[in-house]
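One structure is given below, encoded as structure tokens.
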Amino acid sequence: NAPEAIFVQTNGCFAYVNPAALRLFGVDSASQLIGQPVMERFHPDFRDIVRERIHLLNDMCEEVPNIEEIYLRLDGTPFNVEVSAVPITYDGLNGSLVFFRDITERKQVERALIRAKMVSDEANRSKTEFLANTSHELKTPLNSIIGFSELMLAGELGNISEQQKKYIGTILESGYLLLNIINRILDISSINYGRMDLSYVKFNLCDAIQDTCAMMQAAANRKSIELIVDIDPQINEINADIIKFKEVVYNLVDNSVKFTPYGGFVIITATQNESHVKISVADNGIGIAKENIERIFDPFYQVDSSTTRRYSGTGLGLALINQLVKMHGGNIWVESEPGKGSTFTFTIPIDYGEQQIRMLQVSEH
Ligand code: ADP
């Protein structure tokens with residue numbers, strides 16, 4: 001009466017079958033199976049492997065591993081089982097004592113999960129491909145919008161009035177903004193595609209940060225925000241992709257200036273340990289609520305996504321720089337308190353290439 005299905009095999013035939021096994025085989029009485037070849041109840045795909053196991057068990061081999069296979073009911077319908085077996089002497093004959101469990105439902109769930117994963121991977125791939133293709137299509141007309149606006153504004157297509165100048169200036173600004181968004185989408189999709197390469201060069205970290213902050217100085221001045229740079233003088237050169245590095249710093253400082261009210265401050269600090277540099281951008285701006293912190297690195301996520309939102313932007317900046325930092329073998333995180341301010345910190349190896357060579361050497365030994 002064991003709840004587990006059990007049978008005994010000797011000479012390749014059923015010698016004993018318990019009630020739970022009878023139920024699974026769809027058989028009314030044990031006499032329908034006793035003396036019948038066990039092989040008939042195994043799916044053809046598994047007969048070779050089962051023959052091998054029976055062989056081992058009849059030789060009194062103690063260890064055969066548990067396996068998942070397919071059994072057949074008396075009417076021929078297959079069902080998935082998990083089987084364990086040990087050698088036994090039954091009625092003076094060497095044979096095997098077999099325990100099995102119906103796992104059809106578990107297998108169905110497993111198959112459904114695998115299918116769902118494939119569908120979602122495919123959807124994700126098509127989405128990335130779609131974004132990449134559309135972005136390219138959008139860039140072509142945008143180039144003429146920007147190009148001709150620039151020509152008109154420069155007066156190369158004839159004189160224009162002050163009012164026309166103002167409107168064309170707005171067209172141009174919007175054009176640049178749109179181009180920026182499209183480039184970010186393209187960057188994110190090429191990283192997802194594995195198509196973005198890093199160009200490593202050795203560069204002076206202090207200069208790179210100062211250059212980037214200089215680009216933000218005018219925007220900070222407009223809001224009377226103090227931009228403070230504090231870099232550990234020990235840090236000299238790092239080996240990384242300088243353009244991508246500047247992009248990370250630029251995006252963080254840009255956000256800090258954007259989300260900090262008039263008269264606030266933004267402090268950029270850089271320190272290093274023996275393997276990594278750590279760069280922090282801290283502000284005393286609006287801060288981020290705990291429940292939003294997890295999501296701000298997701299593409300298109302903005303804490304305030306209402307149509308009347310006060311701050312411009314796309315929600316793509318942090319998603320992009322998160323990936324850029326990870327590509328460098330670094331990490332990025334944020335600490336923040338609403339109303340008090342935010343500190344974004346990222347680390348990157350001082351020399352990622354060299355570090356990888358060292359790791360390779362360690363693993364070789
Ligand atoms: P966006 O283009 O909207 O700035 P990001 O991906 O750069 O996109 O940022 C996503 C969201 O994270 C922002 O919309 C904002 O809600 C929040 N955020 C980012 N940086 C800061 C910051 N320094 N202070 C407060 N909120 C921030």
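Start at 1 and go down the list; that is how both ligands and their atoms are numbered. One-based numbering along the sequence shown.
By the criterion of a heavy-atom distance under 4.0 Å, both the backbone and the side chain of V303 are placed next to ligand 1. Within the 4.0 Å heavy-atom criterion, neither part of T260 lies near ligand 1. Neither the backbone nor the side chain of F297 comes within 4.0 Å of ligand 1, counting heavy atoms alone.
Between I286 and ligand 1, a contact under 3.5 Å exists for no N or O pair. In terms of polar-atom proximity, L318 is counted as a contact of ligand 1, with an N or O under 3.5 Å from an N or O of the ligand. At least one N or O atom of N255, backbone or side chain, sits closer than 3.5 Å to an N or O atom of ligand 1.
Residues E122 and R125 are paired through a salt bridge, judged by an N-O separation under 4.0 Å between the basic side chain and the carboxylate.
No side-chain N or O of Y250 forms a donor-acceptor pair with one of T212 less than 3.5 Å apart. Between the side chains of N143 and K139, no donor-acceptor pair is found at a separation under 3.5 Å.
Using cut-offs of 30° and 60° on the angle between ring planes, the pair F203 and F245 is tilted. By the 30° and 60° cut-offs, the orientation of the rings of F25 relative to F14 is perpendicular.
The closest approach between N251 and ligand 1 stays at or above 4.0 Å for every heavy atom of the residue.
Remark: the backbone N or O of G330 is not paired with any side-chain donor or acceptor of T347 at under 3.5 angstrom.
Using a 4.0 Å cut-off to heavy atoms of K258, the atoms of ligand 1 that qualify are 1 (P), 2 (O), 4 (O).
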